[in-house]
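Being a predicted model, the structure only gives us computed values, none of them experimental. FYI, side chains are in, hydrogens and waters are out, and symmetry mates aren't considered; it's all heavy atoms of this structure.
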Amino acid sequence: MTDRRISSFFLTSVCLLGACDHSNKVSERVEASSAVATNAPSKTGEIAWYKGSVEQAIAAAVHDKKPLLVYWGAKWCPYCQALRKTVFTRPDFIANTRLFVPVYLDGDLPGAQAWAEIFKVSGYPTLLILKPDRTELGRMSGGMDLSQYATLLDEALQEQRPILDALRNANNPEDCHRLAYNGWDPAALPGVSVDQLRSFLSIAASRCKGSDQVRLQLEALDLALQDTVEHAGTPDHNAAPDYGALVVQIRDLSALLDRPDEIRSVIDVLAGLNESVFTLVTQQGPEFAASVRTRWVARMQEAADDQRFGDADRLTYIASFLAATRALTSDHAIPITMQAFARGRVTQALEADRDRFKRNDLVNAAGIIYDELGDSEVARLLYLKELPNSRTPYYYMSHLAAITEKQGKSQEALDWMAKAYSAAQGEGPATRLRWGSSYVRALIRLAPDDAARIRTAALQVAAEASQTGTVHARSRVALEQINGALAQWANTPQRRAIAAEVAARFLKDPTVHQA
């Protein structure tokens with residue numbers, strides 16, 4: 001998976017942009033070739049990121065007969081920070097990268113979003129393993145047992161069969177581990193629907209054993225849960241997964257919670273299940289819900305104490321058992337002792353990491369915990385404290401905007417969003433458009449009658465978009481979100497005129513029309 005799946009107000013308010021529409025054919029002209037590796041270290045004990053364009057890296061892979069390892073990330077992304085701190089510093093992982101052509105593709109580099117469409121990546125972080133001809137052998141994200149990353153690189157070297165072929169023909173037991181630990185993204189699988197992916201994963205699970213089987217079952221369950229939520233209340237609700245089948249899977253999940261040894265290998269998938277899983281558990285009755293809650297908390301507690309996971313990941317496991325406790329308790333209350341434990345672990349983690357400039361991952365995880373606890377004021381003070389030391393202050397400013405909006409302080413929330421957009425001006429085009437889009441949509445949401453301010457902000461974002469050339473991937477999503485918000489807002493002649501003016505500015509450069 002990409003982008004963490006624990007549900008919280010903070011994540012939904014300042015979440016990473018969703019998956020993009022990959023239906024348009026992407027031009028592979030020189031525009032994309034300008035993306036180059038950044039921060040490319042060459043010291044012993046560090047990953048030797050390729051120093052050159054993506055096209056040059058592909059050529060080097062062909063010449064050297066090596067696969068490509070593409071890291072897709074962004075400097076503001078806390079989960080990217082966690083991956084770089086915990087995985088990219090491991091000797092076993094670093095050693096294995098020498099058998100690849102490793103490419104660090106920052107989403108803000110010129111042409112990076114075009115390559116994102118070619119590689120079919122959207123969420124940060126993603127690690128892609130590709131043949132020199134760009135055939136995908138696998139993809140990874142964060143949250144796993146840290147030892148798994150080097151193992152998966154080994155397996156990609158040994159088994160050169162494309163991951164999609166392995167999925168469609170899951171008859172080889174040697175494919176089980178690759179399939180179980182792959183970061184499945186339906187938008188990245190051409191010709192495969194969400195329902196088909198769920199079916200493929202279920203079939204693979206029936207042919208695999210042990211923790212591989214369980215991971216595949218949970219991945220299939222998560223897709224089913226997401227499908228159920230998406231179809232709820234819609235005309236095509238009958239297309240949602242069968243409720244009876246979901247209940248069987250929930251019962252299987254309950255039994256799994258009794259097996260601690262198996263849970264450790266799948267804890268990242270379990271913690272990331274769509275939160276509607278708790279709704280289904282509750283529907284099975286109070287005794288069943290209480291039993292699941294007790295064992296869910298126990299398993300997450302074990303993972304939170306397990307040094308084989310990164311520090312930020314262990315905090316997210318605490319957030320997971322807080323969420324389960326709140327959802328599966330009749331009064332939705334979290335016991336005082338559990339609250340104190342969670343707060344103590346946050347304090348311990350933040351005090352242990354003294355690098356004020358490289359702890360976005362821990363602060364982000366702490367914010368999720370505080371949200372589960374309802375401690376918005378504590379979270380606000382944390383972000384304010386961290387703000388002066390952050391190299392990406394706009395990220396914390398977005399959190400502060402979310403908190404103040406939730407508190408009903410609309411003007412303060414807008415002020416924070418304006419500051420965030422301003423602070424992002426020194427970044428690359430993808431980041432500027434992402435925060436510009438958030439600001440415009442916040443204005444429409446919180447100050448719909450301030451037409452002048454909405455017009456000024458939207459035109460500024462449109463002007464920046466026109467300067468970037470062809471708009472791809474996450475940047476295109478940012479513009480689509482603005483257009484959608486303006487279309488809903490434009491219910492008077494004055495508003496329609498503003499929406500038309502902004503649309504015309506977007507269309508001034510024909511390459512932006514692709515947005």
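- In this structure, Asp371 pairs ionically with Lys406, as a charged nitrogen and a carboxylate oxygen lie closer than 4.0 Å.
- Looking at Ser437 and Arg441, their side chains do bring a donor and an acceptor atom within 3.5 Å of each other.
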Can Glu464 and Arg432 be said to form a salt bridge (charged side-chain N to carboxylate O under 4.0 Å, His left out), step by step?
-> CA-CA 8 Å; Glu464 289 194 1; Arg432 290 199 307 273; 3.3 Å; yes
Determine, step by step, whether Tyr317 and Asp306 satisfy the side-chain hydrogen bond (donor to acceptor under 3.5 Å, both in side chains) criterion, reporting the C-alpha distance in whole Å, the side-chain angles of both residues, the deciding distance to 0.1 Å, and the verdict.
-> CA-CA 10 Å; Tyr317 298 144; Asp306 194 331; over 6 Å; no
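- In this structure, Leu387 and Met397 have side chains that are in contact, with non-hydrogen atoms separated by less than 4.5 Å.
- Separation of atoms CG (Asp313) and CG (Asp268) is listed at 8.0 Å; rounding is to 0.5 Å.
- A cation-pi contact, defined as under 6.0 Å to the ring centre and within 45° of the axis, links Arg474 to Tyr124.
- Remark: Arg359 CZ to Gln81 CD distance equals 12.0 Å, nearest 0.5 Å.
- Checked by atom type, the side-chain pair Arg178/Asn182 shows no donor-acceptor distance below 3.5 Å.
- Checking Tyr149 against Asp92 by side-chain atom types alone, no donor-acceptor pair falls below 3.5 Å.
- Side chains of Leu83 and Leu127 form a contact here, defined as non-hydrogen atoms less than 4.5 Å apart.
- Put simply, the residue from Trp416, Tyr383, Trp435, Tyr439 that forms a ring-ring contact (aromatic ring centres under 6.0 Å, His included) with Tyr394 is Trp435.
- Within the 4.5 Å cutoff, the side chain of Leu459 has heavy atoms near those of the Glu501 side chain.
- Inspection of the Asp106 and Tyr71 side chains reveals no N or O donor paired with an N or O acceptor under 3.5 Å.
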Show your reasoning for whether side-chain hydrogen bond (donor to acceptor under 3.5 Å, both in side chains) applies to Ser438 and Arg434.
-> CA-CA 6 Å; Ser438 295; Arg434 183 241 189 271; 3.1 Å; yes
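- A tilted orientation is assigned to the rings of Tyr104 and Trp49, their planes being inclined by 30° to 60°.
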